[in-house]
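Below is one structure, written out as C-alpha cells; comments come after it.
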Amino acid sequence: MMKTLVSILGLLFFASVAVAQADSITISGTLRGLNNNKLSISWTGNDTKNGYVSVQGKGDYFSARVPSQRMPAVARLSISWPKEDIRSSQMPVPPFNFFLLDKNITLKGDATALWEIKLEGDLQNELYNGLLQKAAATTGRYRALMDQLSDQTVKRLPADSVKLHQGIMNAYRENTKMEKAFVAANPDAFASVFLLSRMANSYGADEYIAAWETLKPTYKDTPTGLAVGKIVEKLSVTKSGTPVFTFERVNKEGNKISTETLKGRTYIIDFWGSWCGPCRASHPHLKELYKKYKSKGFEIVAIAQERGKTLEESRSSWSRAIQEDGINWIHILNQDGIEKQNIVKTFNVNAFPTKILVGADGRIITRTTSGASDAIDKALEKIYGF
C-alpha cells in the first residue's frame with residue numbers, strides 16, 4: 001500500500017513538473033561582450049499583465065525561463081551595464097524586441113549591438129528577425145550618429161547640428177521604408193502589428209489607417225493590436241476630407257493670419273520649435289517645396305512652440321532660428337496670443353515636427369509627424385501635376 005502511494009505521489013510530481021515545463025519556454029543565447037553582466041527580459045502577456053525576469057550572465061552565455069503564450073506577445077531584452085562602463089554614459093541602446101509564444105528561442109550576437117542579434121525560434125520571430133538583419137547596417141549608422149549627437153563635449157555650429165540631424169533622419173527614413181515594405185508584404189504577421197504599434201509617426205494619417213485595414217484579423221485582438229486600434233481611432237478625426245480647425249493669429253510681421261485669410265490656397269501648417277532638431281532638419285526640404293510650388297499659390301504657415309521662460313525669450317530664440325535657417329514664409333509664435341487660442345492644443349499636436357497639408361477647399365489632405373513620410377510630397381505632386 002505504502003509503495004503504491006509513493007508511486008502515485010511520484011507520478012503526480014513528475015506530471016506537475018511536465019505541466020510547468022509545458023507552460024514555459026527557454027530564452028537563451030550567447031552574446032559577445034556580455035561578460036557576466038545581468039540582463040533582463042520583460043513582456044506584456046496575453047492577459048495584459050506585465051512580466052519580468054532578470055538573469056546573471058555566465059561569461060557571454062545566458063538562459064532564462066519565461067511563461068509561454070497562446071498568442072505572440074512582445075518581449076524586450078536589455079543589458080545592465082555597470083556604472084563604470086563607458087556604455088553607461090553613452091546614448092542608451094534600445095532593448096532588443098522579440099516575441100514570446102510556445103517555442104524556445106535562441107539569440108546570438110553582440111551585447112553592444114543588440115540590433116544585430118540573430119534569432120531562432122518560431123516562425124513569427126524568424127520572420128521579424130529577417131527584417132532586423134536586413135536593416136542592421138542602417139540601424140548601426142543611425143546609432144553612431146545618435147551617439148555623436150548625445151556627446152555634450154563637442155561644440156557645433158548650427159549648420160553642423162542641422163547636417164547631423166539630417167544624417168540621422170536619412171538613416172531613419174531608410175529603416176522606415178524597409179519596415180513599411182515588410183508590413184505591406186506580410187499582412188498576416190504579428191510583426192506587422194508590432195511595427196504599426198510604434199510607427200504611427202512614420203505614416204500619413206490616412207496611410208496608417210489604410211496599412212492597418214489591410215492586415216488580416218489574426219492578431220488584431222492581442223494587446224498590441226488593440227493599442228494600434230486606439231491609434232487608428234484617434235487619427236480618424238484628421239482623415240483626408242476633414243475641415244481644418246479654425247485659428248487666427250498675428251504673424252511675425254504683424255499681419256492677421258487665419259483659416260479665412262488662407263481660404264482658396266493650398267498650404268502646410270508646420271508645427272515646429274527652434275529647440276527641435278528634427279524640425280530644423282526638415283527645413284531644407286520645406287524650402288525645396290516652397291520654391292517649387294510658391295508661384296502656384298502654395299504657402300507654408302509655420303507655428304512655433306518655444307520653450308523660453310518669458311515671451312521675450314521665446315521671441316528671441318524663434319527669430320534667431322528663422323534667420324539662421326533662412327525660412328521665409330508665414331511665421332506664427334504660439335506663445336504670442338496663447339491666452340486667446342493655443343493652436344498647438346487646437347490641432348492636438350503632441351509630437352514635433354507635425355505637418356498638416358490643407359487643400360484650397362479648406363479641408364485636410366494629410367497629416368504627418370516627423371520627416372519619415374513622403375505623403376505630403378505625393379499629395380502636392382498630385383495637386384500641381386509635377
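Counting from 1, the numbers follow the sequence of the chain as shown.
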If we ignore hydrogens and angles and just use 3.5 Å, is the side chain of Asn170 paired with the main-chain N or O of Gln166 as donor and acceptor?
yes
Please determine whether a side-chain nitrogen of the Lys or Arg among Lys230 and Glu233 lies less than 4.0 Å from a carboxylate oxygen of the Asp or Glu.
no
Side-chain contact test, heavy atoms from C-beta onward, threshold under 4.5 Å: evaluate it for Phe190 versus Asn125 and give yes or no.
no
Is it true that His283 and Asp325 share a donor-acceptor pair across their side chains at a distance under 3.5 Å?
yes
Note: Glu179-Arg198 ion pair, threshold 4.0 Å (strictly below):
yes
Within the side chain of Asp47, is there an N or O that forms a donor-acceptor pair under 3.5 Å with the backbone of Lys49?
yes
Polar side chain donor-acceptor pair, Tyr142 to Glu174, under 3.5 angstrom
no
Any side-chain to backbone donor/acceptor pair from Thr261 onto Ile257? Under 3.5 Å, distance only.
no
May I ask you to establish whether Lys220 and Trp212 are in a cation-pi arrangement, using a distance under 6.0 Å from NZ or CZ to the six-membered ring centre and at most 45° from the ring axis?
yes
Establish, from distance only, whether the side-chain atoms of Arg65 and Thr26 form a donor-acceptor pair under 3.5 Å.
yes
Would you please classify the geometry between the Phe96 ring and the Phe98 ring as parallel, tilted or perpendicular, with 30° and 60° separating the classes?
parallel
Testing the 3.5 Å rule here: is there a donor-acceptor pair between the side chains of Lys355 and Ser282?
yes
Just by modelled atom types, is the Asn334 backbone N or O under 3.5 Å from a matching donor or acceptor in the Arg249 side chain?
yes
Examine the side chains of Asn175 and Thr139 and answer whether a donor and an acceptor come within less than 3.5 Å of each other.
yes
Please work out which of the three classes, parallel, tilted or perpendicular, describes the rings of Phe99 and Tyr128, given edges at 30° and 60°.
tilted
Has the side chain of Ser314 got a donor or acceptor atom that lies under 3.5 Å from a matching backbone atom of Gly308?
yes
Between Phe347 and Phe245, what is the ring plane arrangement, given parallel below 30°, perpendicular above 60°, and tilted in between?
perpendicular
Please answer whether the main-chain N or O of Ile117 pairs with a side-chain N or O of Gln133 as donor and acceptor at a distance below 3.5 Å.
yes
Do the side chains of Ile365 and Tyr293 join up, straight or via other hydrophobic residues, at under 4.5 Å, putting them in one cluster?
yes
Is there a side-chain contact (heavy atoms from CB on, under 4.5 Å) between Thr266 and Tyr384? Walk through the geometry before answering.
CA-CA 10 Å; Thr266 297; Tyr384 295 114; 3.4 Å; yes
Are the side chain of Asn251 and the backbone of Gly254 linked by a donor-acceptor contact shorter than 3.5 Å?
yes
Please report the closest heavy-atom contact between Glu116 and Ala136, naming both atoms and the distance.
CG-CB, 4.2 Å
Side-chain heavy atoms under 4.5 angstrom apart, residues restricted to Ile, Leu, Val, Met, Phe, Trp, Tyr: same cluster for Phe271 and Ile327?
no
Kindly determine whether Ser42 and Arg76 satisfy side chain to side chain donor-acceptor pair (under 3.5 Å), including the steps that lead there.
CA-CA 5 Å; Ser42 58; Arg76 299 156 292 275; 3.3 Å; yes
4.5 Å side-chain heavy-atom contact, Phe386 and Lys296
yes
Are any of the side-chain heavy atoms of Ile269 and Glu299 separated by less than 4.5 Å?
no
Do you reckon Ile300 sits in the same ILVMFWY cluster as Leu357, going by side-chain contacts under 4.5 Å, direct or chained?
yes
Can you see whether Gln341 engages Thr346 through a side-chain donor-acceptor pair at a distance of less than 3.5 angstrom?
yes
Taking all atoms of both residues into account, what is the closest heavy-atom pair of Trp318 and Ile332, and its distance?
CZ2-C, 3.7 Å
Electrostatic pair Arg280:Glu324 at N-O distance under 4.0 angstrom:
yes
Could you verify whether a donor N or O on one side chain and an acceptor N or O on the other, from Thr106 and Glu120, lie under 3.5 Å apart?
no
Test: Lys180 cationic atom under 6.0 Å from Tyr203 six-membered ring centre, within 45° of axis
yes
CD of Glu381: more than 12 outside heavy atoms within 6.0 angstrom?
yes
Checking the side chain of Tyr208 only, and the main-chain atoms of Met199 only, is there a donor and an acceptor separated by less than 3.5 Å?
no
Are Phe194 and Val232 connected in the hydrophobic side-chain network, where two residues link if heavy atoms are under 4.5 Å apart?
yes
Kindly say whether Leu34 contributes a backbone atom to a donor-acceptor pair with the side chain of Asp60 at under 3.5 angstrom?
yes
Okay, side chain of Ser192, backbone of Asn186: is any donor-acceptor separation there less than 3.5 Å?
yes
With no hydrogens and no angle check, just 3.5 Å: does a side-chain donor-acceptor pair link Thr224 and Ser197?
no
